[in-house]
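One structure is given here, and the rest of the page talks about it.
All chains are named by letter (A, B, ...) in the order of the sequence lines, taking the proteins before the strands, and each is independently numbered beginning at 1.
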There are 2 protein chains.
Amino acid sequence: MTIKVAIVEDVQEIRESFVSLINRARGVRCIVSYGTAEEALRGLSDVHVDVVLMDIELPGMSGIDCVRALKVKQPALECMMLTMFENEERVFQSLAAGASGYIVKRAASGKLIEAIKELHGGGSPMSPQIARQIVTAFRQPFSFPTAANSLTKREEEILSLLSKGYRYQEIADALFISVETVRTHIHRMYEKLHVRSRSEAIIKTLQHQ
Amino acid sequence: MTIKVAIVEDVQEIRESFVSLINRARGVRCIVSYGTAEEALRGLSDVHVDVVLMDIELPGMSGIDCVRALKVKQPALECMMLTMFENEERVFQSLAAGASGYIVKRAASGKLIEAIKELHGGGSPMSPQIARQIVTAFRQPFSFPTAANSLTKREEEILSLLSKGYRYQEIADALFISVETVRTHIHRMYEKLHVRSRSEAIIKTLQHQ
DNA sequence: GTATCAATCACACGAACGTTGTATTTTGGA
DNA sequence: TCCAAAATACAACGTTCGTGTGATTGATAC
């Protein structure tokens, strides 16, 4: 059974070279391609594909947000990010958004077909460097105080109030600091925890004790 | 040791009658009284009291919101609501806001001093009718399908998505209904669960499995 | 002795959320 | 068959949140 693939990539030349690369191989077929996240969202609600190759840097809506939106409607859709750089934040954002694979473009040509097949087979193709970043991050955030994502005392304190449903103003009042400071702390916590909202922070906190 | 009491009540006559009632008794002393929630909030950050008697129906900020604000700053402060009616919603809102006692005004004169002492001693003075409402509500919401606060199928479904951090629009897309409908369902769920935000709903959901 | 980090504060903007109120359609029992 | 509950939908409004960007101060590390 041929794996049906879609590509979302804004630069026409790159897009076309990937399409032809895929269509020269056996077992995979690129049936549609889009230049923007918005087009992909519209198009992919009508066309069925198994795998989406998604550029991260897109004009308008980012590839990460596009994946997030696609996965809500089609949880079974497998998404692989195509990117120029191995940016740690981007990796986590992509995984959190629902992507399962993450490869850099320059490495793509040789490994792309293999990666698509791995992805479709339930794997998560990515470079060892990226894999290592993930393994490190998932090694309990709280048990290694020296880990890059460890929270400061103040942040822990605020997280605990945040997880009880306190509003920013209430946290500020309780700690005798300004709302803006609360905002700053929370913003940084979110980066460290790889979450994007209070809800996700609460979920992460409650599920890790 | 005399229990120091504050009263928040907008009607001057009632307020004064409570003050003198308290000050004629032994072991308790009303040291301040306020006509609005706002005054109480300002005043009670300077004056130390053990117990606050709080009217619910106040002009401007409600007594419930006042309690919520007070408890953030002074978690040890004991609050008892004074009210005209035994309204179920009000009871829960008050308890959720941090009040520990809840008595109706007409019953107050005879029982007030006793109630203040119970409250200060770690008890939760309230009428048997109110106590029953609470007991009923806390009898696992999910194990009695006939309970007044049981969620409908659709609501459960939406709660589950809500607890995963989905946005309203994403929930709407996933269930093929409009955002407005999602809004309506969530609003009703909040009433049934006695919560006021997504965060509290998540906390309640995750902590009851 | 100068980077780096933690903690603080500020402000503007748009997105997401919660409230209130109204109204229609569907559906499952009595 | 008729009613009540459930599900659906719309709208307008104010509040709360999250993001982006920038800045200052004190402590610690190198």
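Backbone-only engagement by B/S178 is indicated by non-hydrogen atom pairs under 4.0 Å involving sugar-phosphate atoms exclusively.
Comparing B/R167 and A/T181 against DNA chain C, the residue whose closest nucleotide sits nearer the 5' end is A/T181.
Closest heavy-atom contact between B/I203 and A/S163: CD1-O, 2.8 Å. Closest non-hydrogen pair, B/L77 versus B/V51, comes out as CD1-N, 4.4 Å.
Computed from coordinates, the A/L175 CG to C/dC9 C1' distance equals 15 Å when rounded to whole Å. Separating the CZ atom of B/R154 from the P atom of C/dT27 is a distance of 12 Å, rounded to the nearest angstrom. In this structure, CG of B/D65 is placed 14 Å from C1' of C/dG18, rounded to the nearest angstrom. We find that CE of B/M189 is positioned 13 Å from C1' of C/dC17, with the value rounded to whole Å. Between A/L162 atom CG and D/dC17 atom P there is a gap of 8 Å when expressed in whole angstrom units. Taking atom CD on A/E155 and atom C1' on C/dT8, their separation rounds to 13 Å, with Å as the unit. The distance between atom CD of B/E200 and atom P of D/dT16, rounded to the nearest whole Å, is 13 Å. Going from atom CZ of A/R68 over to atom P of C/dA15 covers 15 Å, rounded to whole Å.
Between B/E155 and B/I158, the closest side-chain pair of non-hydrogen atoms is not below 4.5 Å. At least one side-chain heavy atom of A/L175 sits under 4.5 Å from a side-chain heavy atom of A/L161. Side-chain contact between A/T181 and A/H185: present, with at least one pair of heavy atoms (C-beta onward) separated by less than 4.5 Å.
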Any chance you could list the contact pattern along nucleotides 19-25 of chain C? Use B for base contacts, S for sugar-phosphate-only contacts and - for none, protein heavy atoms under 4.0 Å, 5' to 3'.
BB-----
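Contact between the side-chain N/O atoms of B/H185 and the OP1/OP2 oxygens of D/dT8 is found at a separation under 4.0 Å.
Taking A/S45 as the reference, nothing meets the side chain to side chain contact (heavy atoms under 4.5 Å, CB included) condition, with sequence neighbours excluded.
Residue pairs meeting the salt bridge (Lys or Arg N to Asp or Glu O under 4.0 Å) criterion with at least one partner in residues 157-168 of chain B, sequence neighbours excluded, are B/R154-B/E157.
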